[in-house]
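Convention: sequence-line order gives letters A, B, ...; per-chain numbering from 1. Worth saying up front: this structure is predicted, and the values here are computed from it rather than measured.
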There are 2 protein chains.
Amino acid sequence: MANKAKSTILDIARLTGLSKGTVDRVLHNRGEVSRKSYDAVMKAIQDLGYEPNVYASMLARGGSHLIAVLMPEDEPGGFWSLAAGGMEKALDPLASGGVSIEHFGYDPTDVESLKAAARKMWDSNPSGVVIAPMFREATLQITAALRSKDIPYVFVDTKLDDLGYLAFFGMPMYRSGYLCADQLTGGLPVKSLLVVRVQRDVQRMSDPTVDRRAGFLDYIHEHFPDCVVHNVLINPADIPAAEAALDEFFESHPDTRQIAMFNSRIHLLVPWLERHPQRGRRVVGFDNLEANMQALSRGTVSALVCQHPDDQLALAIKALAERIVLGKYPARRDNFVHMDILTRYNVDFY
Amino acid sequence: MANKAKSTILDIARLTGLSKGTVDRVLHNRGEVSRKSYDAVMKAIQDLGYEPNVYASMLARGGSHLIAVLMPEDEPGGFWSLAAGGMEKALDPLASGGVSIEHFGYDPTDVESLKAAARKMWDSNPSGVVIAPMFREATLQITAALRSKDIPYVFVDTKLDDLGYLAFFGMPMYRSGYLCADQLTGGLPVKSLLVVRVQRDVQRMSDPTVDRRAGFLDYIHEHFPDCVVHNVLINPADIPAAEAALDEFFESHPDTRQIAMFNSRIHLLVPWLERHPQRGRRVVGFDNLEANMQALSRGTVSALVCQHPDDQLALAIKALAERIVLGKYPARRDNFVHMDILTRYNVDFY
DNA sequence: AATCTTTCCGTGAACGTGCACGGAATTAAA
DNA sequence: TTTAATTCCGTGCACGTTCACGGAAAGATT
């Protein structure tokens, strides 16, 4: 911006009477330079409006920056598999070459597998790490270690009460619950509705959907104080039992027309829903999993609120890459992706 | 992918017994190389799985690629101003340095201004051009000239019946009308509704909203054949007259509750709407203009269907940059951005 | 056979930065 | 004063491409 003719490291050297070696040292502040020279170079950088040439830099360094992704792994078509797709997206052809990405997956229900993944991650000697935290304590240990080695890390999906993170990319969970309730009711009074929830393990994992649930309930209570919110708990591993629970519920509440789920597994209900069609029913779930979108276009599901986990991951990686390669800090530390509403009429273009 | 150790231009030279100069010539196929050598080099490229090093390439070329954007210009906060924001977005820090962008604006109601802008554009000697076409004939002349100079161009927003374009980024107009109708009615039967339309100039400009209107009407006729669709024509330059027209309409149709507009100017109706509140009214418009979003969060407008013109432009520029810098062709030629539904409950995170 | 074209190809200097190496300048220790 | 340690700094090669320049080889023309 300052000078039209892009100034180089050599210009700074000439201007200060130093050599490019010294300039290089202050640019990467790795010491071995006197206070006087340091100040002179800094001033020259300001005056000339110097900006490093990324291409020359990348070329000289010979690439090889590793960004590690520490993220749960699930079945193909699942939420985390969808998110994993964002890694390719981030490897934009123009930006690639210099950075590579490695995915260290772990079982979201098993702390030990996280620790194992973290060890492997550690061995790969990454320049930056993306973390989707599931277990608070274990993750805090990891981030502490990263901080002590000055390795930047960004959170995705869930944020921990940790202060050293470079950035966070996620969804505004409370608001997403609010939005979900609005989509479910269409803004029209409802007497009773059903929320299907998944039984959580006893382990104290971080569960972001509690905020979503709060937003949902607040909307209902604010708009329709008389509405009764029923709950049915299911176990994803035991579908027959889950369907039996639904049968039982609708036996005693045949008039309930609205069904919501707060995680990405609404597709689990689809077979049952399609065997039990109901006039005027509305079903709202979350996230653009392939199975969910199919149910959407068949009309079984009315709407999906999407947070695009792949975009979140891609943005996280990009922020990390900019930090590592250019030393640039993200504009905002906490970034909330926008919530998209998917219906059968706009699902085709996803 | 083929070889782990990234192969270079020099590897190819050694393998073929030629020199890097020759290899370079076939890589950019600018002739001056015998058939035999050409084939040999091509084979070696295949065998080694050679991929050019973008950084070295950019560095050597010394940057300075110009992408010209030939796009209408309107008032601040207008549709095209929003789109223009995508230019910055495209200048991703990691990708920048090599390409610069220049915007050549024109008056969307004046063919002559397009021609003038095209001349300026031509003088800037661009390596690629993004075009948002408004006038068919004049634009076809421009693209013909571009083709004769082998300058790639991509269409944005509207596509012309032109075969030489590199890519197109736009919205599925017909489907967006369909979606709009669904959002307006909520899927529930409606007896009558109002469409507010803008008087078009007589000039034969390309007007993509006719497709949108078709999609809208088809939805209505398919779902609610008894519904009457009323039209009110307004002139954006004469708001008082427009409001008078609305007064007149609702005088004779007091029961009509749903209002739609097919372009981005729904905000023009907002003052009138807020002076004439009506219980149970639904208003649906298009595009995330600042004024529209404010009306949304106040509840005056019920929903907006957004096509993110800025993203379209950013994607277009990116595709062009990849073509110019890397010689890479986009995966798909016709790209439809997804349609986002905005309500007052998810507008905050845009 | 000599000269002139034409076609093809190799050479070498940039591009701007990173980094290892060694050496100068300064200060401390003898 | 000499030597050793320390702090600071300059030199020069490497990274993989691009491109202008000049020249060899082959063919065409006398």
Side-chain angles (χ1 to χ4, degrees), chain A residues 3 5-42 44-45 48-65 93-94 96-99 127 324-327, chain B residues 3 5-42 44-45 48-65 94 96-99 127 324-328:
Chain A
N3 274 34
K6 280 267 183 191
S7 51
T8 78
I9 235 179
L10 224 49
D11 293 325
I12 301 180
R14 271 193 289 270
L15 192 63
T16 56
L18 294 163
S19 75
K20 66 194 175 86
T22 307
V23 177
D24 183 66
R25 271 183 286 267
V26 353
L27 278 173
H28 301 79
N29 53 336
R30 60 171 106 101
E32 311 225 343
V33 43
S34 72
R35 182 59 195 266
K36 209 180 82 180
S37 310
Y38 182 89
D39 290 341
V41 170
M42 282 312 243
I45 289 175
L48 295 180
Y50 169 78
E51 283 184 14
N53 181 320
V54 192
Y55 302 113
S57 172
M58 289 296 236
L59 177 59
R61 174 158 354 89
S64 78
H65 265 310
L94 274 181
S96 79
V99 283
S127 308
I324 296 170
V325 176
L326 305 172
Chain B
N3 274 32
K6 280 266 184 195
S7 51
T8 77
I9 238 179
L10 223 49
D11 293 324
I12 302 181
R14 271 193 289 269
L15 192 64
T16 56
L18 295 162
S19 76
K20 64 196 173 86
T22 307
V23 177
D24 182 67
R25 271 184 286 267
V26 353
L27 278 173
H28 300 80
N29 52 337
R30 61 170 108 101
E32 312 224 346
V33 43
S34 72
R35 183 59 196 266
K36 209 179 81 177
S37 309
Y38 182 89
D39 291 340
V41 170
M42 282 312 245
I45 289 176
L48 294 179
Y50 170 79
E51 282 183 15
N53 181 321
V54 192
Y55 301 114
S57 171
M58 289 297 236
L59 178 58
R61 170 153 358 86
S64 77
H65 264 311
L94 275 182
S96 80
V99 284
S127 308
I324 296 171
V325 176
L326 305 172
K328 221 170 199 170

Give the rounded distance in Å between these two atoms: CD of B/E51 and C1' of D/dC15. 18 Å
Is there a side-chain contact between A/Y55 and the phosphate of D/dT18, meaning an N or O under 4.0 Å from OP1 or OP2? no
Mind checking B/L18 for me? I need base, sugar-phosphate or nothing, with any heavy atom below 4.0 Å counting as a touch. sugar-phosphate
What's the spacing between B/T8 OG1 and B/K20 NZ if we round to 0.5 Å? 10.0 Å
Taking every non-hydrogen atom, the tightest pair across A/T16 and A/A44: CG2-CB, 3.7 Å
Map B/E32 and A/G17 onto DNA chain D by nearest heavy atom, then report which one ends up closer to the 5' terminus. A/G17
Take the protein atom CZ of A/R25 and the nucleotide atom P of D/dT7, then report the distance between them rounded to whole Å. 14 Å
Might you point out which heavy atoms bring A/S127 and A/I324 nearest each other, and give the distance in Å? O-CD1, 3.4 Å
Under 4.0 Å, heavy atoms only, any strand: does A/D24 hit a base, just the sugar-phosphate, or nothing? base
Applying a 4.0 Å non-hydrogen cut-off, can you work out what B/Y50 is touching in the nucleic acid: base, sugar-phosphate, or nothing? sugar-phosphate
Separation of B/I9 atom CD1 from D/dA14 atom P, in whole Å? 19 Å
Shortest non-hydrogen contact between A/I9 and A/Y50, atoms and distance: N-CE1, 3.6 Å
From CG of B/L10 over to P of D/dT17, roughly how many Å is that when rounded to an integer? 9 Å
Starting at atom CE of A/M58, determine the distance to atom P of D/dT17, rounded to an integer number of angstrom. 15 Å
When rounded to whole Å, the OH to P distance for the pair A/Y38 and D/dT7 reads 18 Å
Quick one: how far along DNA chain C does chain A reach, first to last nucleotide 5' to 3', anything under 4.0 Å to a heavy atom? C/dG16 to C/dC19
Correct closest heavy-atom pair for B/V33 and B/Y38 would be CG2-N, 3.9 Å
Using the salt bridge (charged side-chain N to carboxylate O under 4.0 Å, His left out) rule, take B/R35 and B/D39 through it: C-alpha gap first, then chi angles, then the decisive distance, then the call. CA-CA 6 Å; B/R35 183 59 196 266; B/D39 291 340; 3.3 Å; yes
Would you give the length of the straight line joining atom CD1 of B/I12 to atom OG of B/S19, rounded to the nearest 0.5 angstrom? 12.0 Å
